[in-house]
J.: 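Starting off with a structure, shown below.
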Amino acid sequence: MKRNPTLSVKVGQAVKVNLTNTGVAIHNMRTAGEDGNYNSGDDDVSDPNLVPAGATATLEFTFDKAGTFSYQCDFHPIDMKGEIIVAQ
């Protein structure tokens, strides 16, 4: 299993993650947002949300406060997840 990286960014830094699905299953990438919960209205989600095999997507986000925030693939949340560390 490929390990998902921990991303380190600064407060207020605009980040763009380019994604390429090299597998055969559908994937995406979603941040939990600053409230730490998924699907609560402050998430950022890859565009497009459904990334089929061989396709690409982007995820853009900015965090306005420091902390550690989660990200995941909505279709494989047990295996495909990680953290975004936001520092001052």
J.: Find out if a path of hydrophobic residues (ILVMFWY) with successive side-chain heavy-atom gaps under 4.5 Å connects Val17 to Ile84.
T.: yes
J.: Using the rule that two of Ile, Leu, Val, Met, Phe, Trp, Tyr join whenever any of their side-chain heavy atoms come within less than 4.5 Å, decide whether Val9 and Leu59 are in one cluster.
T.: yes
J.: Would you list the atom pairs, donor with acceptor, under 3.5 Å between side chains in residues 65-74 and any protein atom, with sequence neighbours excluded?
T.:
from, atom 1, to, atom 2, distance (Å)
Lys65, NZ, Glu34, O, 3.3
Tyr71, OH, Pro5, O, 2.4
Gln72, NE2, Asp74, OD1, 3.2
Asp74, OD1, Arg30, NE, 3.0
Asp74, OD2, Asn28, ND2, 2.9
Asp74, OD2, Arg30, NE, 2.9
Asp74, OD2, Arg30, NH2, 3.0

J.: Taking only residues two or more places apart in sequence or in another chain, which ones pass side chain to side chain donor-acceptor pair (under 3.5 Å) with Thr58?
T.: none
J.: Within this structure, what is the CD-OG1 distance for the pair Glu83 and Thr31, rounded to the nearest 0.5 Å?
T.: 13.5 Å
J.: Please name all residues satisfying side chain to side chain donor-acceptor pair (under 3.5 Å) with Asn21, sequence neighbours left out, ordered by chain then number.
T.: none
J.: Do Val86 and Lys10 come close enough that some side-chain heavy atom pair is under 4.5 Å?
T.: no
J.: Within a strict 4.5 Å, meaning less than it, do heavy atoms of the Asp47 and Asn49 side chains meet?
T.: no
J.: Given the rule that I, L, V, M, F, W and Y join up when any side-chain heavy atoms are under 4.5 Å apart, are Leu7 and Val15 in one cluster?
T.: yes
J.: Can you name the nearest heavy-atom pair linking Ser46 to Ala57, along with the distance?
T.: CB-CB, 4.2 Å
J.: Report the residues that fulfil salt bridge (charged side-chain N to carboxylate O under 4.0 Å, His left out) with Asp44, sequence neighbours left out, ordered by chain and then residue number.
T.: none
J.: I'd like to know if the side chain of Thr20 and the backbone of Thr22 have a donor-acceptor N/O pair within less than 3.5 Å.
T.: no
J.: Please name all residues satisfying ring pair (Phe, Tyr, Trp, His ring centres under 6.0 Å) with Phe61, sequence neighbours left out, ordered by chain then number.
T.: Phe63
J.: Restricting to side chain to side chain donor-acceptor pair (under 3.5 Å), what partner residues turn up for Asp42, sequence neighbours left out?
T.: Ser40
J.: Taking the side chain as every heavy atom from C-beta outward, state whether Gln13 and Thr62 have any atom pair closer than 4.5 Å.
T.: no
J.: Report yes if some heavy atom in the side chain of Asn18 is under 4.5 Å from a heavy atom in the side chain of Thr56; otherwise report no.
T.: no
J.: Hey, are the side chains of Met80 and His27 touching, using non-hydrogen atoms and a 4.5 Å cut-off?
T.: yes
